[in-house]
Chemist: 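One structure, pasted below without further comment.
Quantities reported herein were computed from a predicted structural model and do not represent experimental measurements. The figures here come from the full heavy-atom set of this structure, side chains too, leaving out hydrogens, waters and symmetry mates. The chains referred to below are lettered A, B, ... by the order of the sequence lines, with proteins before strands, and numbering in each begins at 1.
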Amino acid sequence: MRIVFMGTPEFAVPSLERLIADGYEVAGVFTQPDRPKGRGNRLTPSPVKVCAAAHGIPVFQPERIRRDGVEDLKALRPELCVTAAFGQILSQEILDIPPMGNINVHASLLPRHRGSAPIAHAILQGDKKAGVTTMMMDKGIDTGDMLLRAETEIGETETCGELTERLSRIGAELLSETLKRLEAGTLERIPQNEAEMTYDPMLEKEMGEVDFSRTAGQVRGQINGLNPWPCASVPLPEGRLKLLRACETDEGGEPGTVLRADPKSGLIIACGERAVRILEVQAPGGKKMRAEDYLRGHAMQAGTRL
RNA sequence: CGCGGGGUGGAGCAGUUUGGCAGCUCGUCGGGCUCAUAACCCGGAGGUCGGGGGUUCAAGUCCCUCCCCCGCAA
């Protein structure tokens, strides 16, 4: 089967690799244009581009595929399109090109968490389970009929980055199974229950501001769910301290109060309900470290209000 | 040449402004105290201060250069 793949970040790479490994003819790959990134603002190719190039697959990077990618896509004559975190919305014109349709690998248990940051929001909202759903794309955003799904437990201290990595592999496996059954003609299309759907917004830096008057569960979700980007953080005199990983704990106090802060008992901060234990932090200019290590070199008084 | 922070015993930091015996909180090893302990007391080991070059009687500290790490902005 002749396939065109569309994807951009690391999450999409295992799916692309799986298509190749399964022996499908990947005629071309669409991905976001190289962007200035990191120190020095160097132009950086997306992970999917790097992967495609390594396999000698033609890469297309239209700024807007709806506007200037249509002809290239048509010329590739795909029988099927597969997308995974591509980052651009496809027009009906594009969706109509592949005769077998467009299959999307979406990192949530649809219809929950439609949108571009489903994994972060699953953690943010305190979900116990996350997953991947394969679906037929239609004109809406993540609204098409579902095909197959795979579930996994979200770990108590698991971060968005870690869960993303796991789901990317689960997604690749699910995609493989989906295509197998598509060819065998045993796929069922399951419409999404609109009553249960949630649509989550894109992540923004402002979401990192921690409000300790919320419950420990919500604060924990914010800290773990926003890692590695944009990350929850609290202001300190020397700059913002990123809180990278946390779990809940049974203590209490005035919300925002540092209940403990020493290398022995760690860093515990009171929330509106119960408290969170901060497991991992990153100081301004420093690297990630366990909270206990941070406290060996940075005095923090118990009783301080954040 | 986009802006900025940093590299000091095993971990995390101070010391660099104004050169002058390398320090703090832990860990580790040995001993003590205790019913007991991640607690407390006593003692010890462990560092070519990221690499190279230079200035100086003397460089972690000043000058030049290279390497590595991190944040911001995108």
Chemist: Taking B:C21 as the reference, what is the distance to B:C62 when you measure between their P atoms (whole Å, please)?
Modeler: 16 Å
Chemist: Would you classify A:Arg39 as touching base, sugar-phosphate or nothing, given that sugar-phosphate means primed atoms plus P, OP1 and OP2, and contacts are heavy atoms under 4.0 Å?
Modeler: base
Chemist: Are the charged groups of A:Arg2 and A:Glu79 less than 4.0 angstrom apart, N to O?
Modeler: no
Chemist: By the 4.0 Å heavy-atom rule, please label A:Glu292 as base, sugar-phosphate, or nothing.
Modeler: nothing
Chemist: Write down the partner of B:G2 under the Watson-Crick or G-U wobble criteria, each distance required to be under 3.5 Å.
Modeler: B:C72
Chemist: Please report the distance separating the P of B:G12 from the corresponding atom of B:G7, rounded so that it comes out in whole Å.
Modeler: 11 Å
Chemist: Determine the contact category for A:Gly40: base if any of its heavy atoms lies under 4.0 Å from a base atom, sugar-phosphate if only primed atoms, P, OP1 or OP2 are that close, otherwise nothing.
Modeler: base
Chemist: Answer yes or no: is there an ion pair linking A:Arg169 with A:Glu10, defined by an N-O contact shorter than 4.0 Å?
Modeler: no
Chemist: Could you check whether any side-chain N or O of A:Asp142 sits under 3.5 Å from a backbone N or O of A:Gly115, counting only pairs where one atom can act as donor and the other as acceptor?
Modeler: yes
Chemist: Using the P atom on both, measure B:C41 against B:C26 and round to a whole Å.
Modeler: 9 Å
Chemist: Under 4.0 Å, heavy atoms only, any strand: does A:Lys287 hit a base, just the sugar-phosphate, or nothing?
Modeler: sugar-phosphate
Chemist: Provide the distance between the two C1' atoms, one in B:G6 and one in B:A74, to the nearest whole Å.
Modeler: 23 Å
Chemist: What distance, rounded to whole Å, do you find between the two C1' atoms, one in B:G27 and one in B:G9?
Modeler: 11 Å
Chemist: What distance, rounded to whole Å, do you find between the two C1' atoms, one in B:U28 and one in B:U18?
Modeler: 37 Å
Chemist: Find the partner of B:A22: check Watson-Crick (N1-N3 plus N6-O4 or O6-N4) and G-U wobble (N1-O2, O6-N3) distances, both under 3.5 Å, and reply none if neither fits.
Modeler: none
Chemist: Run the salt-bridge test on A:Arg214 and A:Asp211 with the 4.0 Å N-O cut-off and return the result as yes or no.
Modeler: no
Chemist: Determine the interatomic distance between P on B:G19 and the same-named atom on B:A59; round to the nearest Å.
Modeler: 14 Å
Chemist: From the list B:A74, B:G71, B:U25, which nucleotide is the closest neighbour of the side chain of A:Lys37?
Modeler: B:A74
Chemist: At under 4.0 Å between heavy atoms, what does A:Asn41 touch on the DNA or RNA strands: base, sugar-phosphate, or nothing?
Modeler: base
Chemist: In whole angstrom, give me the gap between the C1' atoms of B:C67 and B:A58.
Modeler: 28 Å
Chemist: Could you tell me which nucleotide pairs with B:G27 by Watson-Crick or G-U wobble geometry, both distances under 3.5 Å, or answer none if nothing does?
Modeler: none
Chemist: Between A:Asp293 and A:Gly286, who's closer to the 5' end of RNA chain B by nearest nucleotide?
Modeler: A:Asp293
Chemist: Using distance alone, with no hydrogens and no angle criterion, decide if A:Glu280 and A:Asn227 have a side-chain donor and acceptor under 3.5 Å apart.
Modeler: no
